[in-house]
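Start at 1 and go down the list; that is how both ligands and their atoms are numbered. The first residue of the sequence shown is numbered 1, and numbering continues consecutively from there.
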Amino acid sequence: MTKGRIEICSPATGEPIGTVPISSAADVVSAVEKARNAQVEWGQRPLDERCAILRQVKNGIIDRTDDICDLLSKEQGKPKIEAMVHEVANLVDLIHYYTNEAPRILAPEPIPLHLLKHRASYLHWAPRGVIGIIGPWNFPFMICNGPAVVGLLAGNAVVIKPSEFPPLIQDLSKEIFVQAGVPEAMYQVVHGYGETGSALIDNVDMVEFTGSVATGRKVAAQCGQRLIPCVTELGGKAAALVLPDANIERTARALAWGGFANCGQVCASVERVLVHRSVLPTLLDKLVPKVVALKPGNTQEDESIQIGPLNNRRQRDIVQARVDDALAKGAKALVGGKPIEGPGNFYEPTLLVDVTPDMDIMNMETFGPVLPIMAMDDEESMIAEANRSHLGLLGYVFSKDTEKARSIAEQVEAGTVM
Ligand code: NDP
């Protein structure tokens with residue numbers, strides 16, 4: 001432990017790979033002040049100029065793709081190919097979209113007035129000032145930089161507090177943004193734990209938070225005290241409903257990807273499979289070999305590895321507690337079911353059957369490489385079970401009958417159903 005610094009350890013080997021300084025409350029105040037002063041000039045620049053600079057950021061990211069993917073593999077643990085597809089390509093696409101669309105999105109909008117026809121009203125978009133961005137550890141590059149791009153384009157300054165676990169990527173991000181022409185003061189990074197995040201909320205004009213429900217509740221309450229707006233992107237417990245007429249091979253592939261990409265550390269991960277009893281045996285025939293084939297390993301050493309370690313020991317302990325609870329209550333592990341001995345935070349890709357609604361694994365977010373599968377008798381009970389969760393972020397329906405799938409999707413209470 002280095003005093004006043006966070007030591008970052010490789011999730012694959014446990015070895016130290018770097019440190020970052022912990023920003024005190026006073027450091028946060030001065031970062032925000034610096035950003036606030038710089039924002040005045042930035043906010044007055046023509047939008048075209050801000051778009052041009054952000055396009056240079058996009059080019060800078062493309063040029064540094066190898067460095068970004070390598071660092072994400074090293075400190076987050078994911079395979080480089082996933083870093084490229086899920087983080088780099090997503091962010092590049094986001095910048096491409098918003099730099100093209102910002103003039104339309106930020107144009108003043110006429111407001112139709114029903115009664116007062118003699119008046120003309122317009123909605124004008126003005127920068128808020130300094131946006132505080134607080135991010136999680138699962139997609140550290142994409143999730144902190146997406147809101148940063150949008151905030152900067154709209155004329156704001158940003159101060160980012162990345163997760164304590166993979167924070168190095170944020171320093172590399174800053175380098176890329178600044179080299180591309182974003183004034184250094186406009187893109188600040190403060191490192192630290194929850195206290196640093198809390199100090200940030202005390203000083204900025206708006207907060208973009210992505211993380212757990214428990215922390216999101218604290219963040220929203222603190223923003224509420226200050227009467228500043230906040231966006232909270234929180235956890236999920238997505239259910240996949242597999243109907244009897246689903247294409248089972250395709251469903252099995254989708255579940256193997258949806259449950260195990262990024263080692264299951266995705267807010268949109270398939271966290272519960274609710275399958276019609278009549279197709280359970282066929283689904284397992286197809287799915288089990290795909291999960292058995294996922295060999296966990298150090299993504300820094302072997303680029304063919306499809307599944308890395310969990311990012312941190314705390315998360316592996318959570319995964320272990322969920323699976324142990326399920327096994328103690330009668331679930332059966334068809335594949336995996338325990339942590340992998342040795343260095344790093346590896347956990348066996350796990351397939352559970354005979355799960356029941358009283359198990360933690362069916363109620364609380366797992367955020368790890370585990371697919372619990374529950375056999376269901378009809379569509380009504382599948383929908384009811386899917387809707388029992390309060391974490392209605394996403395859901396999935398598998399069926400060849402598009403109309404029926406659409407109708408079921410409309411009954412699943414989640415932000416997005418695919
Ligand atoms: P946490 O809620 O634990 O942490 C998120 C961030 O908040 C971290 O930077 C953390 O710092 C910081 N923080 C902690 N306490 C406070 C506080 N009191 N005030 C301000 N900031 C604070 O989430 P995780 O990092 O564990 O991320 C995993 C979670 O994120 C999962 O629930 C996942 O579903 C969710 N998520 C949601 C997404 C979505 O789009 N809906 C996308 C990705 C993830 P520190 O790291 O130092 O604790």
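- Only the side chain of F209 comes within 4.0 Å of ligand 1, judged by heavy-atom distances.
- Contact annotation: the side chain of V159 approaches that of V130 to within less than 4.5 Å [non-hydrogen atoms, C-beta and beyond].
- Counting heavy atoms of neighbouring residues, nucleotides and ligands inside a 6.0 Å radius, atom CZ of R226 exceeds 12 of them.
- For ligand 1, the atoms closer than 4.0 angstrom to any heavy atom of N138 are 43 (C), 44 (C).
- A salt bridge does not link K74 to E15: none of the charged nitrogens lies less than 4.0 Å from a carboxylate oxygen.
- Of all the heavy atoms of V213, none lies under 4.0 Å from any atom of ligand 1, so neither backbone nor side chain is involved.
- Remark: distances from the non-hydrogen atoms of F165 to ligand 1 are all 4.0 Å or more.
- Across G197, G415, G135, S163, heavy-atom proximity to atom 21 (N) of ligand 1 is greatest for G197.
- Atom NZ of K332 sits in a sparse spot, with 12 or fewer heavy atoms from other residues, nucleotides or ligands closer than 6.0 Å.
- In terms of protein heavy-atom proximity, atom 25 (O) of ligand 1 is closest to W137 CD1, 3.0 Å.
- Annotation: side chain of P103 is in contact with side chain of L47 (closest heavy-atom distance under 4.5 Å).
- With 3.5 Å as the limit, one finds a donor-acceptor pair spanning the side chains of D70 and Q300.
- Tested against K237, the residues E365, E385, E413, E271 include a single salt bridge (charged side-chain N to carboxylate O under 4.0 Å, His left out) partner, E271.
- Side-chain rings of W42 and Y187 stay apart, their centers remaining 6.0 Å or farther from each other.
- With respect to atom 12 (C) of ligand 1, the closest heavy atom belonging to the protein is I134 CG2, 3.7 Å.
- Per-residue contacts place I143 under 4.0 angstrom from the following atoms of ligand 1 (heavy atoms of the residue considered): 42 (C), 43 (C).
- Counting protein heavy atoms only, atom 37 (C) of ligand 1 is closest to L234 O, 3.1 Å.
- The protein atom (non-hydrogen) at minimum distance from atom 45 (P) of ligand 1 is E164 OE1, 2.8 Å.
- A salt bridge links D67 with R64: the distance from a Lys NZ or Arg NE/NH1/NH2 to an Asp or Glu carboxylate oxygen falls below 4.0 Å.
- At a threshold of 4.0 Å, the pair D324-K338 does not count as salt-bridged, since none of the basic side-chain nitrogens sits closer than that to a carboxylate oxygen.
- Of all the heavy atoms of A214, none lies under 4.0 Å from any atom of ligand 1, so neither backbone nor side chain is involved.
- Ranking the protein heavy atoms by distance from atom 27 (O) of ligand 1 puts P136 CB, 3.2 Å first.
- Protein heavy atom closest to atom 42 (C) of ligand 1, with residue, atom name and distance, is C267 SG, 3.2 Å.
- In terms of protein heavy atoms, atom 34 (O) of ligand 1 is closest to E365 OE2, 2.6 Å.
- The closest heavy-atom contact to atom 14 (C) of ligand 1, among the options V219, T215, N312, comes from T215.
- One finds no salt bridge joining E33 and R36 here, because no Lys/Arg side-chain nitrogen approaches an Asp/Glu carboxylate oxygen to under 4.0 Å.
- Between D27 and S24, the closest side-chain pair of non-hydrogen atoms falls below 4.5 Å.
- At the shortest separation from atom 11 (O) of ligand 1 among protein heavy atoms lies K161 NZ, 2.8 Å.
- At least one heavy atom of G192 sits closer than 4.0 Å to an atom of ligand 1.
- Note: an N/O pair closer than 3.5 Å links S212 and ligand 1 by distance alone.
- Contact annotation: for T196 versus ligand 1, there are no heavy atoms closer than 4.0 Å.
- Numbered from 1 in the order shown, with element, the atoms of ligand 1 that lie under 4.0 Å from a heavy atom of G194 read 13 (N), 14 (C), 15 (N), 16 (C), 17 (C), 19 (N), 20 (C), 22 (C), 47 (O).
- Residue contacts with ligand 1 include P162, since one or more of its heavy atoms lies under 4.0 Å from the ligand.
- Atom-to-atom distance recorded for R388:CZ and N363:CG is 4.5 Å, nearest 0.5 angstrom.
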